[in-house]
2 protein chains.
Amino acid sequence: MQRVTIADVAKLAGVSKQTVSRAINNKGDIGESTKERVLEIARNLGYRPSRFARGLRIGESVTLGLLLFDLSIPYYPDLASQILQSAGKQGWNVVIGDAQGEWRRELDVLQVLARQADVLIGQVGSSDTVLLREFPGLPMVLLDHDAGSSGFGSVCIDFISGMRQAVDHLIKIGRRHIGIIDGVKWDRPPSPRRIAAEQRLREHGLVTGDEWSAAASPHAVTSGEAALAELLTRQPIIDGVICFNDQLAIGAMRELKRAGRNVPADVAVVGFDGLRVGGLVEPALTSVRIDNRQLAELAVRDAIRLLTVPKAPQKESLVVTPKLIVRSSA
Amino acid sequence: MQRVTIADVAKLAGVSKQTVSRAINNKGDIGESTKERVLEIARNLGYRPSRFARGLRIGESVTLGLLLFDLSIPYYPDLASQILQSAGKQGWNVVIGDAQGEWRRELDVLQVLARQADVLIGQVGSSDTVLLREFPGLPMVLLDHDAGSSGFGSVCIDFISGMRQAVDHLIKIGRRHIGIIDGVKWDRPPSPRRIAAEQRLREHGLVTGDEWSAAASPHAVTSGEAALAELLTRQPIIDGVICFNDQLAIGAMRELKRAGRNVPADVAVVGFDGLRVGGLVEPALTSVRIDNRQLAELAVRDAIRLLTVPKAPQKESLVVTPKLIVRSSA
DNA sequence: ATGAAAGCGCTAACAC
DNA sequence: GTGTTAGCGCTTTCAT
C-alpha cells in the first residue's frame, strides 16, 4: 500500500527529504516557491506520509480501542458516542471494533484492536482468565464485567440500586403482581439485573421465581413480545413487568397492547437503559437510565490510570448508579 | 506513553532484541525456557510493542477513517455498523471520528483522522475546494456530497427516485394536499430531498412551494413537531406530509396526534431513511429506506479503488437507490 | 537456538 | 532557506 516515500518526492524535486518534510508539514524555514513546487510534485506522485514512520518519530498519540458488541443495537451508539467524546478530550484516537452481535467474534475483534490500540475499553464477554492469557500486558477497562479485577480497569453498573428504583416505582403505583423479562446471554444463568429485581421484590413481600419470569434474547423487540406472551399465559393476573432492557420492554408493551391490555393502566412496564427511543413509543416508556456519559468518563479516566501506572496498584471499583426516569405511569 | 522498549526487555533478560521479538510473536527458533523467561520479564516490565515501529517494519495494514456527523443520531449507527462490516471484510482497521453534531468541528476531526488513516469515508459538509486545500492527496470517499468529483470517491443517494416513490405512494392512497417538512443544514437552501419531492408533486399537478413546506433542524424530533404545527396553521387542509427524514416524520406524527388528527387516516406521513425506530412508533412509519449495507459496500469499494489507483482515472458516480417501505397506509 | 547488523520512512537537531 | 546526520522501535536477513 505504502509505496511512494518522502525520498521519492525529494529526488524528483531535487531537494532533500527534510525540505519535503517541511513543505508537507507547513513548517517554516522554507521558500514559498520551493514549497509550492514540492507540494505539487508530492501531489502528482500521490505521496502520503507513512503514519507509522511519523508516529515512530513523534512518539506521542494514544489510541484507544473500543470494543462493542453490536453498534446496530440501540444501546451501543450512545455509549460509543460518549466514549468518543471523552477520549477526544484527551486527544486520543479511537479505533472501534464491533463483534456484530456475535460473542464468538469477540476474541478475533480484540486481537485486531490489540494490535492497533494502546489501551482497550469494552463490554467484554470473555472471562478475565482468557483475557489475561490472550492479551498479556494489554491495559483494558472492562465495562459491566463480573471479573474480580485482575489488574484490569473496570466500571460497573449498580443494578441493585437501579432495580430497587424500578420495583419501588411499580409498588408505589399500586402494582403487586410483577413479572420479569430477563435477557440472557448464553441461556442459562439469571442476569444480575433479574437477581437484583427479584431481591427487591422479595423485600416487598412479593413472590418471585421462574413462574414470574421469562427469558428472552436481549436485543430483539420480538423476543420481548414472545417473552411477555409467555408471562401472560402463566400469570394472567400480572399488573407490572420489569424488563432487562428497553428493547425487551418495548416488545412487551407491544404484545400487551395486542393482547388487549391497557398500558400502563392494566399493566405497567419498566425498562432499563433509558434509551431515547423509549420516549417515542406510545405510551412513553418508563425506564432506569444508565448515564453513559458518566460511564464513559469513568472508563477513560481508568484507562488513563492504567496507562500512567502500568503496575496497577489496586483500586476501588468504579460504579455508575442508574436513575429511574418516569415517562408515563399509572 | 511508549516508554519501555524491546531493548529494555532484552537487556534485563540478558538476551538480544531478536530473541525477545521471537518470544513476543510466538516465532519458532527459540528455547521454551528462554521464551517463558523473556515473556515473564516483558510482563513485569509492562512492555507493549510499539505499533508504529512494527507497522513501519511490516508495512501492511490499511486503516480507514470514518467521519460521522453524530453517532448519537439514529441514522449514523447503522451506517457506521455497515462500514465497519465492509471494512472488516477487507481486513481493514477503522478509526472513527465524530463531529458530535457540529459542522464546525468537522475540519478538526478530519485533521485528526487524516493523520491516522490511509483513506477516509464520510458524509462531509465542507466543499471539495476546502478538502482539496486542507488534505491534498488524501484519498476520500464522500457520501451524499454534491461536489463535482475532483478526484474524490463518491457515493450518492438517488433522492429523485426515493421521493418519487414517496409521492406516488401518497397519491395512490388518495392524498392531494401534501406538505413537506424539510431538514436544512445552515438555514437557507432547500435540500435535494425537498427539491426532488416538489418536482414529483408538480408532475402530479399538485401545488408546491414555501406555502406548503416548513423547514426544520434535521435531527430533532421536536423540530419535526414544530414544523408540522407551522404547516398545519398554514394549510389546515393538509392530508399528507413528506419528511426529510424519519426523525422529523416521527415528530410530525406526534404533533398530528396532539392536534387531534388521525394518522394515517386524516394525514398520512412518509419519512426518509427507513430507520428501525420507525417500526416501533404508533402507527408504524412508512419511509423511504436507504440501504446502508449497499452504501457501505460501494463506499469501501471506491476506497479500494482510490488506494489502488492513486491517479484517479475517472469514474461514473456510484448511486444507491432507496426503496419505499410501507409500514402503514391509508 | 541465538545474536549482529541493517533499515523500514520519517523528523529533530544541527550544520551550512 | 536548505542539506546532513542520526535514530525512533521494531523485524528481517544472515551469521554463528
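Just so you know, these numbers come straight off a predicted model, no measurement behind them. Lettering follows sequence order; numbering is per chain, from 1.
Side-chain to base pairing of A:Arg22 with D:dG1: no donor and acceptor N or O lie closer than 3.5 Å to each other. Judged by atom type and distance alone, A:Arg57 reaches the base of D:dG7 through a side-chain donor-acceptor pair under 3.5 Å.
Spacing between atom OH of A:Tyr47 and atom P of C:dG9 amounts to 10 Å, rounded to whole angstrom units. The separation between B:Asp8 atom CG and D:dG9 atom C1' is 10 Å, rounded to whole Å. One atom, CD1 of B:Ile58, and another, C1' of D:dC10, lie 8 Å apart when rounded to the nearest Å. Whole-Å rounding puts the B:Arg54 CZ to D:dT12 C1' distance at 14 Å. Straight-line distance from the CD1 atom of B:Ile30 to the P atom of D:dT11: 13 Å, rounded to whole Å. The nearest whole Å value for the distance from the CZ atom in B:Phe52 to the C1' atom in D:dG7 is 17 Å. In this structure, NZ of B:Lys11 is placed 12 Å from P of D:dG9, rounded to the nearest angstrom.
Listed here is the closest heavy atom pair of B:Leu113 and B:Leu66: CD1-O, 3.7 Å.
For A:Ser16, taking side-chain heavy atoms from C-beta onward, the closest of the listed nucleotides D:dG3, D:dT11, C:dC10 is D:dG3. Here the side chain of B:Asp29 is nearest to one of C:dC10, D:dG3, C:dA1, namely C:dA1. Closest contact between the side chain of A:Ala53 and the listed nucleotides D:dC10, C:dA4, C:dC10 involves C:dC10. Nearest to the side chain of A:Thr19, among C:dT11, C:dA4, D:dT2, sits D:dT2. For B:Val15, the side-chain atoms get nearest to C:dG3 when compared with the rest of C:dA6, C:dG9, C:dG3.
Taking CG of A:Asn292 as the reference point, atom OH of A:Tyr75 lies at 4.0 Å (rounded to 0.5 Å).
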Subject >> Stepwise ring-ring contact (aromatic ring centres under 6.0 Å, His included) test for B:His219 and B:Phe69 >> reply: CA-CA 11 Å; B:His219 301 301; B:Phe69 175 65; 5.4 Å; yes

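Annotation: side chain of A:Leu64 is in contact with side chain of A:Ile83 (closest heavy-atom distance under 4.5 Å).
Counting heavy atoms of neighbouring residues, nucleotides and ligands inside a 6.0 Å radius, atom CZ of B:Arg37 exceeds 12 of them.
Heavy-atom nearest nucleotides on DNA chain D were determined for B:Ile24 and for A:Ser33, and the one closer to the 5' end corresponds to A:Ser33. Residues A:Gly14 and B:Ile6 both approach DNA chain D. Their nearest nucleotides, taken by heavy-atom distance, put A:Gly14 toward the 5′ side.
OP1 or OP2 of D:dT2 lies within a sub-4.0 Å distance of a side-chain N or O belonging to A:Thr34.
Note on B:Leu56: a base of the nucleic acid sits closer than 4.0 angstrom, heavy atoms only. Within the nucleic acid shown, B:Lys27 comes within 4.0 Å of sugar-phosphate atoms alone, with no base atom in reach, counting heavy atoms only. The residue A:Lys17 sits close to a base: some heavy atom pair falls under 4.0 Å.
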